[in-house]
*Asks:* 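Here it is: the structure, laid out below.
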Amino acid sequence: MSLTKKIIIALILGVIAGIGLTFAPEAIFTGLDMYLLGPVGEIFINLIMMLVVPLVFVSITLGTAGVGDPAKLGKIGVYTVSFFLITTAVAICIGFGVGYLLEPGKEGVFNTEAATYEAQEAPPVMETLINIIPDNPIASLASGDMLQIIAFAIFIGIALAHLGEKTVGIYRLFEQANEILNWLVNLVMKMAPYGAFALIASAIGTAGLDALGSMAMYMIAVILGLIFHGAFTYSLAIWSLGKANPLKFYKAFFPAMSVAFSTSSSNATLPVSMKTAQEQLGVKKEISSFVQPLGATINMDGTAIMQAVATVLISQVYAIPLDFSDLLMVVLTATLASIGTAGVPGVGMIMLAMVLGQVGLPVEGIALIIGVDRLLDMLRTSLNVTGDATIAYIISEKDKRDELKVKHS
Ligand code: ASP
């Protein structure tokens, strides 16, 4: 049986087991979660997280050295960041669209009196931008600071390209390290069906179904927004700019989406999403290894959609209407907030606190949606990684076409 099939079966069984567990006595669920589901899920996440930092470092260094020309690298960088910003802004508008259409804050009973939420600070954007250049790259590697690792790897890559023959030994070393890491990604992926099953059963069992009641409309709005962005924005981009069939794209990329779904972390999904993009979608290695790690950190369209819908919900529940300039402010802050926060579970809530603060909505409103956030996090992370792969694919295809043109002229 193919890995994709195994993962699909695991996802379905995980959802069924999770729902079943919400009906089981509390002690049974707690025991199972503590001794079986929790450990299996965590071992799986640790196994892939173990590969993230070395893989990102090695592959970006090789990718940069492969491109060689800093001007070309700059061009890819400008394309990448522009695509990231545009798709995120579109995602937020879609979120507003479904939010105002379905009015999730008007349905159900919301107890705002009891709502309390301790907001965590998101790092200021300027600070994030300045800190992209690490003063201690070893510390960046140790703490897994993705933007700093990317910056350091790009510098090493440029140096390797520049020094050519002189550093061929190190270049070979990086190539061989890359082989080892890719081999390990394959190995870890064999665990994916078991990990996915455990993570999903545990997430659904923990969130429970009671929380869903009054939040159903909010969840439906977010899910519709996610589906619309995937089925419309990305499909259109894949078809018109990538000149490919979106259905084939989604089918090939499914294993990565399912890992994102079960881990709720774009960062943890990186090894799988890069491998899938390179091997199944034919994205050029040097482009995939640059665009996807960057995207895991700064491009989160699914998260942006959740933020837009949540903003609308909270403004409706607290009866604080937003005018057009507030909405523009949300687009701006949500897009910028995503730059400074890493792709890990639940980070969308930290960004949301910043967005709400900017437009004068009560941050306590987050308490209303936190109960269902774990489940939505799974879905939006799948869209987040798909967005990164879509952009990597489009840029890679454009690069291939440009190369062909140069060859023929
Ligand atoms: N979990 C998401 C990710 O890693 C971020 C979020 O929305 O919380 O992409």
Side-chain angles (χ1 to χ4, degrees), residues 41-42 44-46 48-49 52-53 56 84 87-88 91-92 94-95 117 119-123 128 144-147 195-196 199-200 202-203 206-207 218-219 221-223 225-226 229-230 234 253 256-274 276-277 291-311 313 330 333-356 366 369-392:
E42 258 172 57
F44 174 59
I45 291 196
N46 284 352
I48 33 181
M49 284 307 282
V52 172
V53 168
V56 167
F84 284 167
T87 50
T88 305
I92 299 172
I94 291 174
Y117 182 77
Q120 264 176 285
E121 283 276 314
T128 311
D145 187 321
M146 212 51 88
L147 288 183
L199 288 166
I200 284 161
S202 165
T206 310
Y218 164 70
M219 293 188 72
V222 175
I223 294 170
L226 297 176
H229 196 50
Y234 292 162
F253 195 63
M257 291 168 78
S258 68
V259 171
F261 183 73
S262 41
T263 59
S264 292
S265 167
S266 304
N267 275 9
T269 313
L270 264 179
V272 184
S273 54
M274 283 163 65
T276 315
V291 176
Q292 288 177 286
L294 199 62
T297 316
I298 69 173
N299 184 46
M300 299 180 194
D301 291 357
T303 306
I305 290 173
M306 175 279 290
Q307 289 176 13
V309 180
T311 309
L313 170 104
V330 173
T333 19
T335 309
L336 290 181
S338 66
I339 296 178
T341 37
V344 293
V347 77
M349 286 294 122
I350 302 176
M351 287 145 67
L352 179 62
M354 182 168 153
V355 172
L356 294 177
I366 292 183
I369 54 173
I370 204 111
V372 292
D373 194 62
R374 181 71 182 83
L375 301 181
L376 289 179
D377 200 359
M378 296 162 48
L379 291 164
R380 64 177 185 252
T381 309
S382 296
L383 191 80
N384 288 349
V385 300
T386 310
D388 306 336
T390 301
I391 291 167

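Atom set for the values below is all heavy atoms of this structure, side chains included, hydrogens, waters and symmetry mates excluded. One-based numbering, in listed order, for ligands and for the atoms of each.
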*Asks:* For the 3.5 Å polar cut-off, considering only N or O atoms, please tell me whether Val344 and ligand 1 meet it.
*Replies:* yes
*Asks:* Sub-3.5 Å donor-acceptor pair from the side chain of Asn384 to the main-chain atoms of Asp301, do we have one?
*Replies:* yes
*Asks:* Below 3.5 angstrom, do we get any N/O pair linking Met300 and ligand 1?
*Replies:* no
*Asks:* Tell me the closest heavy-atom pair linking Val330 and Val355, and the distance in Å.
*Replies:* CG1-CG1, 3.7 Å
*Asks:* At less than 4.0 angstrom from any non-hydrogen atom of Gly346, what atoms of ligand 1 do you find?
*Replies:* 8 (O)
*Asks:* Looking only at heavy atoms, what is the nearest atom pair of Pro293 and Val56, with distance?
*Replies:* CB-CG1, 4.0 Å
*Asks:* Would you say Ile369 and Leu352 make side-chain contact, with heavy atoms under 4.5 Å?
*Replies:* yes
*Asks:* Under a 4.0 Å heavy-atom limit, does Val385 contact ligand 1 with its side chain, its backbone, both, or neither?
*Replies:* neither
*Asks:* So which protein heavy atom does atom 5 (C) of ligand 1 come closest to, and at what separation?
*Replies:* Val347 CG1, 3.4 Å
*Asks:* If we ignore hydrogens and angles and just use 3.5 Å, is the side chain of Ser265 paired with the main-chain N or O of Gly343 as donor and acceptor?
*Replies:* yes
*Asks:* Looking only at protein heavy atoms, identify the closest one to atom 4 (O) of ligand 1 and say how far it is in Å.
*Replies:* Ser266 N, 2.8 Å
*Asks:* Looking at atom 8 (O) of ligand 1, what's its closest protein heavy atom, distance included?
*Replies:* Gly348 N, 2.7 Å
*Asks:* Side-chain contact test, heavy atoms from C-beta onward, threshold under 4.5 Å: evaluate it for Leu356 versus Thr311 and give yes or no.
*Replies:* yes
*Asks:* How close do Ile92 and Ala304 get, counting heavy atoms only, and between which atoms?
*Replies:* CG1-CB, 3.6 Å
*Asks:* So do the side chains of Leu294 and Asn299 get within less than 4.5 Å of each other, counting heavy atoms only?
*Replies:* no
*Asks:* Of the protein's non-hydrogen atoms, which lies at the shortest distance from atom 2 (C) of ligand 1, and what is that distance?
*Replies:* Thr381 OG1, 3.3 Å
*Asks:* Number the atoms of ligand 1 from 1 as they appear, then name those within less than 4.0 Å of a heavy atom of Ser265, with their elements.
*Replies:* 4 (O)
*Asks:* Kindly indicate whether the side chain of Met306, heavy atoms from C-beta on, has any atom under 4.5 Å from the side chain of Tyr218.
*Replies:* yes
*Asks:* Show the atoms of ligand 1 that are less than 4.0 angstrom away from any heavy atom in Thr303.
*Replies:* 5 (C), 6 (C), 7 (O)
*Asks:* Can you tell which part of Met306 has a heavy atom less than 4.0 Å from ligand 1: side chain, backbone, both or neither?
*Replies:* neither
*Asks:* Please could you name the atoms of ligand 1 that Asn384 approaches to less than 4.0 Å, counting only its heavy atoms?
*Replies:* 2 (C), 3 (C), 9 (O)
*Asks:* Mark up the atoms of ligand 1 that fall under 4.0 Å of a heavy atom belonging to Ser264, in ascending order.
*Replies:* 1 (N), 4 (O)
